[in-house]
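First the structure, in the form of structure tokens, and then the observations on it.
Lettering follows sequence order; numbering is per chain, from 1.
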Protein chains: 2
Amino acid sequence: MKKRLSISDIANNLGVSVTTVSFILNGKAKEKRISDALAKRVLDYVKKVDYKPNQLAKSLRTGKSKSIGLLVEDISNPFFANIADRIEKLAYDHGYHIIYCSMKNDEQRAKELIQLFYDRQIDGFIIAPTEGLSDVINNLLKSSVPVVLFDRPLADVDTHTVISENVEGAYQGTMFLLEQKNAKRIGFVTTNSTQSQMKGRLEGYMKAVDNVGMDLLVKKINPAQTEEEVVSQLKDFISDNKLDAVLFATNYLAINGLKAIKQYQLEVDKLISFDENTTFGLVNPPVSAISQNIQEIAQEVVRILVNQIHGKLDKIEKVVIPCNLIAR
Amino acid sequence: MKKRLSISDIANNLGVSVTTVSFILNGKAKEKRISDALAKRVLDYVKKVDYKPNQLAKSLRTGKSKSIGLLVEDISNPFFANIADRIEKLAYDHGYHIIYCSMKNDEQRAKELIQLFYDRQIDGFIIAPTEGLSDVINNLLKSSVPVVLFDRPLADVDTHTVISENVEGAYQGTMFLLEQKNAKRIGFVTTNSTQSQMKGRLEGYMKAVDNVGMDLLVKKINPAQTEEEVVSQLKDFISDNKLDAVLFATNYLAINGLKAIKQYQLEVDKLISFDENTTFGLVNPPVSAISQNIQEIAQEVVRILVNQIHGKLDKIEKVVIPCNLIAR
DNA sequence: TATATTTGCTAAAAGGTTTTATCTTGCAGC
DNA sequence: GCTGCAAGATAAAACCTTTTAGCAAATATA
């Protein structure tokens with residue numbers, strides 16, 4: 001295993017000082033009055049031997065690591081997977097790379113990970129937080145570490161956030177069921193979590209239903225249950241309440257709803273869900289979608305974080321991105 | 001912004017040497033004959049002030065970073081997203097964390113990323129490679145960097161690999177269509193890539209069809225095309241060849257096949273696809289699946305890589321994991 | 001009593017950068 | 001012949017660890 005070249009190897013081999021090589025490599029040749037001739041000689045040699053600086057040493061010295069920590073609940077959820085994919089690409093274009101992690105309901109582990117990332121001098125964090133994370137995120141902020149939250153803000157954390165227009169999205173989705181689908185009894189299925197995006201969606205549903213004086217029909221599912229339990233509860237909810245339409249607050253619930261409908265041959269056929277899914281047009285009944293604008297969310301998240309890292313942000317930004325309704 | 005404590009701050013504040021603190025912190029107190037009293041004093045103090053060692057400095061000194069690079073084609077593909085999720089968890093249990101990246105057909109970028117990860121002294125790589133990556137991976141191996149490939153080996157790269165039993169899986173899938181579904185004309189849809197997993201699946205299909213002397217009906221799709229083009233080609237393939245059954249070599253193709261079937265109301269109703277998808281039971285016609293054993297693949301990948309990093313592996317391991325047939 | 005050995009601890013180098021402060025030389029101005 | 005300044009380069013400190021080699025005192029051995 002060939003030992004890697006260091007900057008001092010370069011300096012020795014060329015008979016110049018380490019400082020000089022460093023200046024040239026960092027584009028400070030002019031500023032530091034290194035002669036063009038020498039600069040060229042160094043650059044040529046560096047290219048010839050394919051020298052690459054040790055990033056660890058660089059980071060240690062500068063305190064910057066050119067990397068961003070991305071924490072989501074579950075990378076195998078298509079919404080997060082897609083957004084991770086976009087964020088990764090955008091960050092790369094800014095010269096940052098992503099260290100990601102999924103937290104999977106394990107708060108203890110999430111905290112450890114944030115600490116771990118912090119120990120690696122990560123330049124900033126992008127987090128779709130769970131509720132117990134307020135303290136540790138506030139600690140980051142206290143240490144002036146840039147943090148952007150997305151998907152859901154935390155009530156007691158005051159930092160940049162990028163979220164979807166959940167209330168309006170759910171409102172439009174419900175109105176779609178009312179006006180286009182002529183629904184009479186619309187159920188709303190959500191989780192028992194108190195995450196803000198879920199509250200927003202419930203609010204939008206309620207607003208629309210209240211508008212027309214329809215009954216509020218809400219089911220809160222505990223996602224910790226087995227799939228069978230969830231499916232069976234959804235069946236009961238749909239049939240007990242004689243629903244002809246359902247708004248699902250998230251993808252995962254819609255899919256379990258479809259399973260219930262198929263398995264128990266339920267009548268309900270006017271469905272809409274938050275978050276698009278490639279197969280929503282293929283299932284029976286088809287599922288319309290309130291689609292979050294993933295590309296735009298990713299763009300804003302990265303823009304804000306990078307600006308903040310570069311110190312170009314003075315006030316806290318709270319961005320809200322509209323959703324698209326995909327009618328089916 | 002409070003400056004972070006360093007080990008020398010600890011040493012100064014306690015009036016002991018840096019060396020001593022380091023030894024104690026690294027559990028070498030006994031071995032280095034530090035008195036229990038002092039060890040306790042240091043540990044108590046470290047806990048009290050919540051000191052965390054700087055991982056960069058640690059890595060710089062030891063040459064180990066306790067991190068693993070995971071490179072896949074596209075993290076938003078559910079197969080990769082799920083496997084990434086599992087790998088991440090298993091690696092964490094071994095004290096490693098994952099730096100992931102999706103390469104998105106951009107070979108140039110993939111090469112840069114591998115170099116970048118290498119520059120950060122990543123302890124090992126897990127890669128689902130594309131074909132142009134042979135050289136750069138061989139370079140890693142030449143520098144004795146541990147590498148495990150999964151999903152698809154590369155013909156000209158000799159390292160550890162974990163793959164599914166593609167030939168057998170496709171064979172069983174085809175036999176299922178023949179024997180259980182009583183299929184008469186079975187088409188096989190794959191991509192135009194020459195990746196080894198695709199070759200294996202084709203081989204399994206051919207073996208089964210040849211067995212019974214049926215016609216070979218194969219369509220190779222260029223995935224660079226737009227969705228409409230793909231859907232339209234699939235429609236032509238299915239209707240021109242009067243297929244009554246189709247085996248899709250991958251998830252993405254099956255979904256486009258379903259779109260073609262729905263959009264053009266095709267007759268074909270005996271479908272099976274590589275890779276499971278939550279909605280395959282909900283669509284019409286339902287899609288059976290040749291499901292790769294994601295948990296086991298992740299386990300083997302991590303086991304091999306960690307062993308290799310720890311120098312516990314002398315020979316090259318080539319692991320093949322069976323698939324499960326999910327009949328619908 | 002003199003010599004080994006053990007105990008308990010530490011100085012300093014090493015790892016590879018960046019950056020501050022400084023050094024030498026040549027030249028212009030007077 | 002002196003001063004001041006610019007050009008062109010560099011030595012050394014700093015970032016924070018780990019680890020080698022070794023020191024001083026106490027204890028054991030002969």
Item to check | Protein-nucleotide distance (A:I34, atom CD1; C:dT19, atom C1'), rounded to Å | outcome: 13 Å
Checklist entry - Given atom CD1 of A:I10 and atom C1' of C:dT17, what is their separation to the nearest angstrom? => result 13 Å
Next on the checklist: Within the 3.5 Å criterion, strictly below it, is a donor on A:D123 or A:Y96 matched to an acceptor on the partner's side chain?
Outcome noted: no
Next on the checklist: Could you report the tightest heavy-atom contact between A:D158 and A:L141, atom names first, then the distance?
Outcome noted: O-CD1, 4.0 Å
Checklist outcome for this item: When every non-hydrogen atom of B:P129 is compared with those of B:I127, the smallest separation belongs to CD-O, 3.3 Å
Checklist outcome for this item: Here the distance between atom P of D:dC16 and atom CG of B:D9, to the nearest Å, is 8 Å
Checklist entry - Do A:K28 and A:I24 have side chains that get closer than 4.5 Å, going by heavy atoms? => result no
Item to check | Under the salt bridge (Lys or Arg N to Asp or Glu O under 4.0 Å) test, residues paired with B:E131 that sit two or more places apart | outcome: none
Next on the checklist: Output the rounded distance in Å from CZ (B:R33) to C1' (D:dC23).
Outcome noted: 12 Å
Checklist entry - For DNA chain D, which residues in residues 15-29 of chain B have a heavy atom at a distance below 4.0 Å? => result B:V18, B:T19, B:S22, B:F23, B:N26, B:K28
Checklist entry - Does atom NZ of B:K318 have more than 12 heavy-atom neighbours from other groups under 6.0 Å away? => result yes
Checklist outcome for this item: Residues of residues 36-55 of chain A with a heavy atom under 4.0 Å from any atom of DNA chain D, listed by number, are A:L38
Checklist entry - Is a donor-acceptor contact shorter than 3.5 angstrom present between the side chain of B:R61 and the base of D:dT18? => result yes
Item to check | Rounded distance (Å) that lies between atom C1' of C:dT10 and atom CG of B:N12 | outcome: 13 Å
For residues 48-58 of chain A, which side-chain N or O atoms pair as donor and acceptor with protein atoms under 3.5 Å away, sequence neighbours left out?
from  : atom 1 : to     : atom 2 : distance (Å)
A:N54 : OD1    : A:L56  : N      : 2.7
A:N54 : OD1    : A:A57  : N      : 3.0
A:N54 : ND2    : B:Q121 : OE1    : 3.2

Residues 67-85 of chain A side chain polar contacts: donor-acceptor under 3.5 Å, at least two apart:
from  : atom 1 : to     : atom 2 : distance (Å)
A:S67 : OG     : A:S65  : OG     : 2.9
A:E73 : OE1    : A:R152 : NH1    : 2.6
A:E73 : OE1    : A:R152 : NH2    : 2.9
A:D74 : OD1    : A:S76  : N      : 2.9
A:D74 : OD1    : A:S76  : OG     : 2.7
A:D74 : OD2    : A:S76  : OG     : 3.3
A:N77 : OD1    : A:F79  : N      : 2.7
A:N82 : ND2    : A:P78  : O      : 2.9
A:D85 : OD1    : B:S102 : OG     : 2.7
A:D85 : OD2    : B:K104 : NZ     : 3.1

Checklist entry - With distance as the sole criterion, is a donor-acceptor pair present between the side chains of A:Y100 and A:E88 under 3.5 Å? => result no
Next on the checklist: Is there a side-chain contact between A:K32 and the phosphate of D:dA9, meaning an N or O under 4.0 Å from OP1 or OP2?
Outcome noted: no
Item to check | Terminal axes of the helix from C:dT1-D:dA30 to C:dC30-D:dG1 (five pairs each): angle between them, nearest 10 degrees | outcome: 60°
Checklist entry - Between B:F125 and B:F117, how do the two ring planes meet: parallel, tilted or perpendicular, split at 30° and 60°? => result parallel
Next on the checklist: How many whole angstroms separate atom CG of A:L14 from atom P of D:dA9?
Outcome noted: 12 Å
Item to check | Closest non-hydrogen atom pair, A:M103 against A:A110 | outcome: SD-CB, 3.7 Å
Checklist outcome for this item: Whole-Å distance, A:E31 CD to D:dG8 C1', equals 14 Å
Checklist entry - What integer distance in Å separates A:L56:CG from C:dG15:C1'? => result 10 Å
Next on the checklist: If the cut-off is 4.0 Å, is A:S35 near the phosphate of D:dA9, judged by side-chain N/O to OP1 or OP2?
Outcome noted: yes
